[in-house]
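Worksheet for the structure shown next.
Positions are given from 1, in the same order as the sequence printed here. Remember, it's a predicted structure, so these values are computed and weren't measured experimentally.
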Amino acid sequence: MLGSAFNPPHLGHLALAQEALWQLGLAEVVLVPTGQAPHKRIADDPGGEARMEMTRLAVGNDDRFSVSALEVERAGPSYTYETLEALAQRGDRELVFVMGADAAVGLESWRDPGRVVEVARLAVARRAGVSDADVAEVMRSLGCEARATMLEMPQFGVSSSAVRERAKEGRPLRYLVPDAVADFIEEEGIYR
């Protein structure tokens, strides 16, 4: 599972999903757009349905990836442990929660982080500015160092906030987001 606001989904998200799939030999990566973020407002949010549609468009026909509406359809705040529990009930596969190192170092402050690491193994993508030692310290404190794997990630200089800013300014989005996502943003006037 790879969760994010996907506001909008960009090529870095897809590269992370691909790297997790390839490096860990996963059967599939499920992208889960955040419903109602519990810790902060989703900036310039076009709404859960629009973020779902953009995520579906980003995945396209790649059968290695799927998109789940679990969080968008759930009322109230979206907590990762609840999403992982719901996904665990749907199948007999071991779950892997894919996250960036920047998120991993804050995992202790999440709602029920112990349940997150109990329900799923962690795949943590290295990020500039976050050391492996900092991630390892959090994993030790949660008692899950044996259930966490660091992922090598190509460095992408793209972020959802930068894409939103470019869209506001009417600048091109091609090569930052999949073409279908760029077309959707343009056609729907999202972020303007």
Side-chain angles (χ1 to χ4, degrees), residues 1-21 24 26-60 62-125 142 144 147-148 151 159-161 163-164 177-178 180-181 184-185 188 190-191:
M1 178 196 125
L2 172 59
S4 173
F6 295 115
N7 186 30
H10 54 70
L11 296 181
H13 290 125
L14 297 176
L16 175 54
Q18 176 178 269
E19 288 302 307
L21 192 93
L24 300 174
L26 303 177
E28 174 189 32
V29 174
V30 179
L31 285 76
V32 182
T34 303
Q36 179 185 333
H39 54 286
K40 64 179 181 179
R41 185 181 68 78
I42 297 174
D44 304 316
D45 189 4
E49 287 305 317
R51 291 185 288 103
M52 278 292 302
E53 183 60 21
M54 287 189 287
T55 307
R56 285 187 194 105
L57 290 168
V59 166
D62 192 332
D63 61 0
R64 302 171 304 161
F65 306 136
S66 65
V67 180
S68 170
L70 266 173
E71 290 193 3
V72 170
E73 292 174 349
R74 182 185 306 137
S78 297
Y79 294 109
T80 300
Y81 80 93
E82 292 175 333
T83 303
L84 290 169
E85 288 174 342
L87 289 171
Q89 291 174 357
R90 292 182 175 184
D92 56 357
R93 296 182 189 168
E94 180 180 33
L95 288 177
V96 177
F97 178 45
V98 181
M99 63 193 318
D102 51 335
V105 295
L107 184 58
E108 291 172 299
S109 68
W110 292 18
R111 173 74 58 97
D112 207 345
R115 187 67 179 139
V116 170
V117 300
E118 181 182 324
V119 175
R121 288 189 307 130
L122 301 181
V124 181
L142 292 172
C144 67
R147 293 179 48 79
L151 298 175
S159 67
S160 292
S161 59
V163 172
R164 289 192 307 272
V177 299
V181 173
F184 183 81
I185 291 169
E188 298 295 320
I190 297 175
Y191 309 124

Leu26 side, atom CG; Met1 side, atom CE - distance, nearest 0.5 Å: 13.5 Å
Pair Glu71-Thr83, side-chain donor/acceptor within less than 3.5 Å: yes
Pairwise side-chain contact, Met54 with Phe6, heavy-atom cut-off 4.5 Å (strictly under): no
Shortest non-hydrogen contact from Ile42 toward Asn7: CG2-ND2, 3.5 Å
Short side-chain to backbone donor-acceptor contact, Thr34 and Gln36, under 3.5 Å: no
Shortest non-hydrogen separation from Tyr191 to Asp44 and the atoms involved: CE2-O, 3.4 Å
Exam field: side chain Arg147 to backbone Val117, donor-acceptor pair closer than 3.5 Å: yes
Test item: side-chain donor near acceptor, Arg164 and Ser159, under 3.5 Å: no
Side chain to side chain contact (heavy atoms under 4.5 Å, CB included) assessment of Glu49 paired with Val72: CA-CA 7 Å; Glu49 287 305 317; Val72 170; 3.8 Å; yes
Val67 and Val30: CA distance, side-chain angles, deciding distance, side chain to side chain contact (heavy atoms under 4.5 Å, CB included) verdict: CA-CA 5 Å; Val67 180; Val30 179; over 6 Å; no
Minimum-distance pair of heavy atoms, taken over all atoms of Val124 and Ala101: CG1-CA, 3.5 Å
Under 3.5 Å: donor-acceptor pair, side chain of Ser160, backbone of Pro8: yes
Set of residues satisfying side-chain contact (heavy atoms from CB on, under 4.5 Å) with respect to Ala58, sequence neighbours excluded: Pro9, Leu14, Pro178, Val181
Non-hydrogen atoms of Met52 and Ser68 that approach each other most closely: SD-O, 3.7 Å
Shortest non-hydrogen contact between Gly3 and Phe97, atoms and distance: N-CE1, 4.4 Å
More than 12 heavy atoms from other groups under 6.0 Å of CZ on Arg93: no
Which atom of Phe184 lies closest to which atom of Ala50, heavy atoms considered: CE2-O, 4.0 Å
pair Leu151-Leu16: side-chain heavy atoms closer than 4.5 Å: yes
NZ or CZ of Arg115 within 45° of Tyr81 ring axis and under 6.0 Å: no
Chi angles and distances behind the side chain to side chain contact (heavy atoms under 4.5 Å, CB included) call for Leu11, Val177: CA-CA 5 Å; Leu11 296 181; Val177 299; 5.7 Å; no
Between CG on residue Leu95 and CG on residue Leu122, distance to nearest 0.5 Å: 11.0 Å
Side chain to side chain contact (heavy atoms under 4.5 Å, CB included) between Glu28 and Phe65, worked out: CA-CA 6 Å; Glu28 174 189 32; Phe65 306 136; over 6 Å; no
Approximate separation, where rounding is to 0.5 Å, of Arg121 CZ and Cys144 SG: 12.0 Å
Rounded distance (nearest 0.5 Å) linking atom CZ of Arg56 with atom CZ of Arg51: 12.0 Å
Atom pair CE/CG of Met99 and Leu2 - distance to nearest 0.5 Å: 10.5 Å
Distance in Å, Asp112 CG paired with Tyr79 OH, rounded so as to fall on 0.5 Å steps: 11.0 Å
